Amino acid sequence: MLEIFFLALQRSTLVTRLVKQGTGRVTLGIGDGANDVGMIQEADIGVGISGVEGMQAVMASDFSVSQFRFLERLLVVHGHWCYKRIAQMVCYFFYKNIAFGLTLFYFEAFTGFSGQSVYDDLYMILFNVVLTSMPVISLGVFEQDVSSDVCLEFPTLYQQGPRNLFFDWYRILGWMGNGLYSSIVIFVLNVIIFYDQAFRAEGQTTDMAILGTIMFTCIICAVNFQISLIMSHYTWIQHFLIWLSVLTWFLFLFVYGMISPTYSKNVFQILTEALAPAPVYWTATLLVTIACTLPYLAHISLQRCFQPMDHHIIQEIKYLKKDEKDKVMWKREKTKAREKTKFGFTARVDAYIRSLRGRLHKKTHSLKSKDGNPS
Amino acid sequence: MSSNTPSSSAGGVGSADSAAPRRNSKRPKYSKFTQQELPACKPILTPRWVISAFMLVSIVFIPIGVVSLFASRDVVEIIDRYETECVPENLRDNKVSFIQSDANKTCTRKLRVKKLMKQPIYVYYQLDNFYQNHRRYVKSRSDSQLKDNSSWNDVSSCKPEDMSNGQAIVPCGLIAWSLFNDTYNFSLNNQQLEVNKRGISWKSDRDSKFGNDVFPRNFQNGTLIGGKTLDPTVPLSKQEDLIVWMRTAALPTFRKLYGKIERDLQPNETIHVTLENNYNTYSFNGKKKLVLSTTSWLGGKNDFLGIAYLTVGGLCFFLALSFTVVYLLKPRQLGDPSYLSWNRNPGGH
């Protein structure tokens with residue numbers, strides 16, 4: 001008895017392992033009882049169903065749903081969105097840190113490689129924590145390329161994940177290249193604009209604190225403008241956080257400049273006294289921001305024109321409301337986007353036979369009870 | 001397996017429903033935020049938007065570029081490099097020993113005004129190959145000592161220029177020790193040109209970083225003199241040359257404000273400069289230049305901002321035109337389902 005029970009527990013686990021090793025694919029195991037725990041843990045993605053058989057499956061799983069039919073939504077809507085969000089978030093993180101960090105290295109060439117940082121310490125601390133983190137978190141939480149009902153209508157869009165269209169080497173290296181380009185533009189333009197001459201009508205020349213603050217302002221503005229070009233789904237939260245990040249930088253500079261020079265040292269009143277009244281500060285920031293993001297804008301325009309991806313086309317159909325105007329076309333594309341599955345064929349045939357038998361049994365039972373003869 | 005009440009896997013809902021629903025449902029309360037159905041703006045990059053964006057950038061940038069270029073062209077600048085010429089010819093083989101000796105360092109230069117220079121005309125000294133941004137140099141100062149007389153002994157960060165003859169140096173550190181000490185005297189038609197040396201530093205430095213109760217003490221008292229000596233009766237807040245010098249420059253080539261000439265200079269005038277060539281830049285092949293410059297609303301003479309704006313604006317205009325051509329030659333109708341991947345290569349996604 002114990003032996004049979006033990007084998008029953010192990011069977012689904014072994015099957016999952018076989019599928020994983022044999023096909024090399026990512027496996028998903030779903031179950032609702034304690035006997036499914038082994039399989040759920042063995043599979044790459046374990047989904048537990050909470051309900052009649054208790055919470056053991058849920059506690060062992062990566063995701064839990066309350067009904068089996070929610071699996072479709074979990075994969076096709078949330079899986080699809082999650083893949084894109086994470087891919088975009090990671091690429092953007094690389095981009096912004098490369099754009100910021102490399103400027104520090106370029107500056108070293110001008111300081112005799114002595115290790116002098118052109119930015120104040122507090123700028124660098126706040127860069128990843130406050131000044132550029134909020135928009136990218138809102139991208140990771142809220143971004144949707146198409147709405148959830150379109151995801152359910154077009155399950156083929158989910159295939160963009162398994163085919164790894166958004167996190168392949170081309171994209172990763174492309175974003176790193178964009179970061180490299182941005183860092184070069186930010187550094188070179190600022191150094192040449194603020195070279196040795198006066199930067200204000202009153203004749204003052206740039207010192208290191210001023211150059212560092214100007215370069216940092218350019219980085220913050222460029223990086224936040226870049227993320228606004230990446231996003232395709234703007235809620236009020238994203239709008240607010242992007243503007244908030246840029247404003248927080250200026251607010252921080254203002255407040256930091258207000259505290260005593262014992263703590264703020266070279267940043268003391270830098271915004272109010274030196275930078276804000278200087279027109280070249282604002283013009284240089286505008287120039288650098290646009291120069292950094294121009295190649296990306298040209299690239300996505302070309303890509304959308306010549307090699308549009310499926311979700312681009314569907315976005316356009318929805319935008320122009322062609323799905324309502326041309327219902328035939330929409331229905332046709334929806335059916336094409338669903339592939340008839342070959343799995344579980346025998347199970348479905350069995351289920352159909354069972355349902356037919358059940359209907360037949362009910363008919364004969366009702367006939368017999370009408371006659372009054374117990375069967 | 002007993003089914004105990006499931007906890008928060010479904011999102012949690014108040015167990016006491018005052019308005020009892022017909023079914024005892026544990027479904028969490030619907031909200032647009034949790035269901036990710038917040039109202040959203042979904043802009044699409046249509047050809048119209050692309051071309052408009054590029055045209056807008058070029059329309060904004062090209063005028064800014066033109067204005068900036070004109071502002072820079074209006075600035076008149078006279079630059080005179082003098083560190084080699086001001087060493088007597090017979091001593092040019094060993095400039096370092098000349099500068100360290102007690103020889104007469106006076107030198108006269110002639111500057112020619114090419115265009116009208118309107119007052120105020122700013123006088124700068126420019127140093128090349130001088131790394132004021134080296135980490136050890138930048139560190140070598142004591143801000144607390146400069147600010148407050150009570151901290152006169154706080155010299156720990158100033159090594160090696162912290163103490164001299166057992167006494168603390170005020171102001172300590174390498175930056176103060178290497179204070180630039182060439183002086184310039186200008187004359188025009190045998191008349192002295194007044195150079196205003198007040199107000200050349202940032203006001204916040206004068207008011208808050210350099211105390212008016214701090215006086216130079218024990219300064220340049222050691223065996224090695226690095227630069228200018230300071231008048232011990234003048235408080236630091238009034239020593240503007242020191243204040244200007246203490247603002248470390250960002251790049252190895254930099255200018256610092258020396259003073260202002262508050263009268264116009266007419267074209268074809270010749271200014272005679274009597275300068276004291278005291279500062280030793282010969283040990284490290286540095287260059288010294290005297291610069292006279294007017295300013296515009298944008299600052300000093302630098303065509304680069306204007307040129308960069310014109311370049312970016314021109315490039316955007318070119319991109320707008322090429323995208324227009326591309327969209328006309330190879331139009332792709334928006335929302336055309338024949339571009340969907342299952343229609344482009346049927347029978348295999």
Side-chain angles (χ1 to χ4, degrees), chain A residues 34 50 52-55 58 64 66 110-112 114-116 156 159 189 192-193 195-201 203-208 211 232-235 261-262 265 268-269 273-274 279-280 283 287 290-291 297-298 300-301 304-305 308 310 313 315-317 319-320 322 329 333 336-337, chain B residues 1 3 6 9-10 36 38 40-42 44-45 50 53 57 64 68 122 126 131 133-136 138 143-144 202-204 208-209 247-257 260 293 295-302 304-305 308-309 312 319 323 326 332 334-335 337 339-342 349:
Chain A
S50 65
V52 185
E53 294 210 25
M55 300 298 283
V58 166
S64 76
S66 57
F110 288 80
T111 66
S114 61
Q116 173 65 36
T156 320
Q159 282 297 318
L189 285 185
I192 304 182
I193 290 174
Y195 194 55
D196 55 7
Q197 82 288 353
F199 74 101
R200 288 173 56 128
Q204 293 98 332
T205 51
T206 14
D207 56 72
M208 200 154 58
L211 182 69
S232 63
H233 182 88
Y234 281 92
T235 58
T262 330
K265 299 209 195 289
F268 183 67
Q269 291 190 356
E273 186 188 27
V280 70
T283 43
L287 175 72
I290 300 291
L297 184 62
I300 52 173
S301 310
R304 239 196 143 107
C305 178
D310 290 336
I313 309 284
Q315 279 172 344
E316 286 165 11
I317 293 176
Y319 179 73
L320 299 168
K322 276 193 180 175
M329 176 272 295
E333 297 307 329
K336 280 200 220 168
Chain B
M1 259 148 272
S3 54
S9 74
Q36 301 192 58
L38 287 169
C41 167
K42 297 195 216 213
I44 301 275
L45 207 58
V50 172
V57 171
I64 297 181
S68 308
Y122 297 93
Q126 178 175 333
Y131 284 78
N133 54 13
H134 194 282
R135 188 179 59 89
R136 297 290 301 273
V138 171
D143 290 319
S144 51
W202 291 105
K203 189 164 183 305
S204 60
S208 319
K209 291 200 205 144
R247 275 260 181 176
T248 47
L251 301 168
T253 303
F254 61 88
R255 289 181 194 170
K256 289 198 183 284
L257 194 53
K260 301 179 231 192
S293 172
T295 54
S296 64
W297 61 273
L298 211 53
K301 191 171 191 69
N302 194 342
F304 185 74
L305 187 68
Y309 261 101
V312 175
L319 279 172
F323 270 105
V326 161
R332 173 180 77 80
L334 284 181
Y339 279 90
L340 290 165
S341 61
W342 51 86
H349 296 316

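Computed from heavy atoms alone, side chains included, the values below leave out hydrogens, waters and symmetry copies. Bear in mind the structure is a predicted one, so any value in this text is a computation, not a measurement. Labels below follow one simple rule: chain letters A, B, ... track the order of the sequence lines, proteins then strands, and each chain is numbered from 1.
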Checking heavy atoms, do the side chain of [X], its backbone, both or neither come under 4.5 Å from chain A?
X	value
B:K301	backbone
B:Y131	side chain
B:K260	neither

Option that, when pairs with chain A are counted at under 4.5 Å, heavy atom only, ranks first among [options]:
options	answer
B:L305, B:L257, B:V57, B:L319	B:L305
B:P337, B:S293, B:A250	B:A250
B:L38, B:L340, B:T253	B:L340
B:I64, B:V138, B:V326	B:V138
B:W202, B:Y122, B:Y339	B:W202

Check each atom of [X] against the heavy atoms of chain B and say whether the ones under 4.5 Å are side chain, backbone, both or neither.
X	value
A:P261	side chain
A:L287	both
A:Q269	side chain

Nearest 0.5 angstrom please: [X] [atom1] to [Y] [atom2], how far?
X	Y	atom1	atom2	value
B:I44	A:R304	CD1	CZ	5.0 Å
B:K256	A:D196	NZ	CG	12.0 Å
A:L189	B:F304	CG	CZ	5.0 Å
A:M208	B:R247	CE	CZ	11.0 Å
A:S232	B:L45	OG	CG	11.5 Å
A:I192	B:N302	CD1	CG	8.5 Å

Between [options], who has the most heavy-atom pairs with chain B when the cutoff is under 4.5 Å?
options	value
A:S301, A:P279, A:G112	A:S301
A:R200, A:E273, A:Q204	A:E273
A:I317, A:I193, A:L320	A:I193

### Query
For A:S114, does its backbone N or O pair with a side-chain atom of B:N133 as donor and acceptor, under 3.5 Å?
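Absent.
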
### Query
Are any side-chain N or O atoms of B:K42 and backbone N or O atoms of A:Y319, one a donor and one an acceptor, separated by less than 3.5 Å?
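Here the side-chain-to-backbone pair does not exist.
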
### Query
With distance as the sole criterion, is a donor-acceptor pair present between the side chains of A:D310 and B:S341 under 3.5 Å?
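Yes, side-chain donor-acceptor contact under 3.5 Å.
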
### Heavy-atom side-chain contact between A:T205 and B:F254 under 4.5 Å
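They are not in side-chain contact.
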
### Query
Heavy atoms, side chains only, cut-off 4.5 Å: are B:R332 and A:I313 in contact?
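They are in contact (side-chain heavy atoms under 4.5 Å apart), so the answer is yes.
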
### Message
Minimum heavy-atom separation for A:A298 and B:F323, please, with both atom names.
### Response
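In terms of heavy atoms, the two residues are closest at O-CZ, 3.8 Å.
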
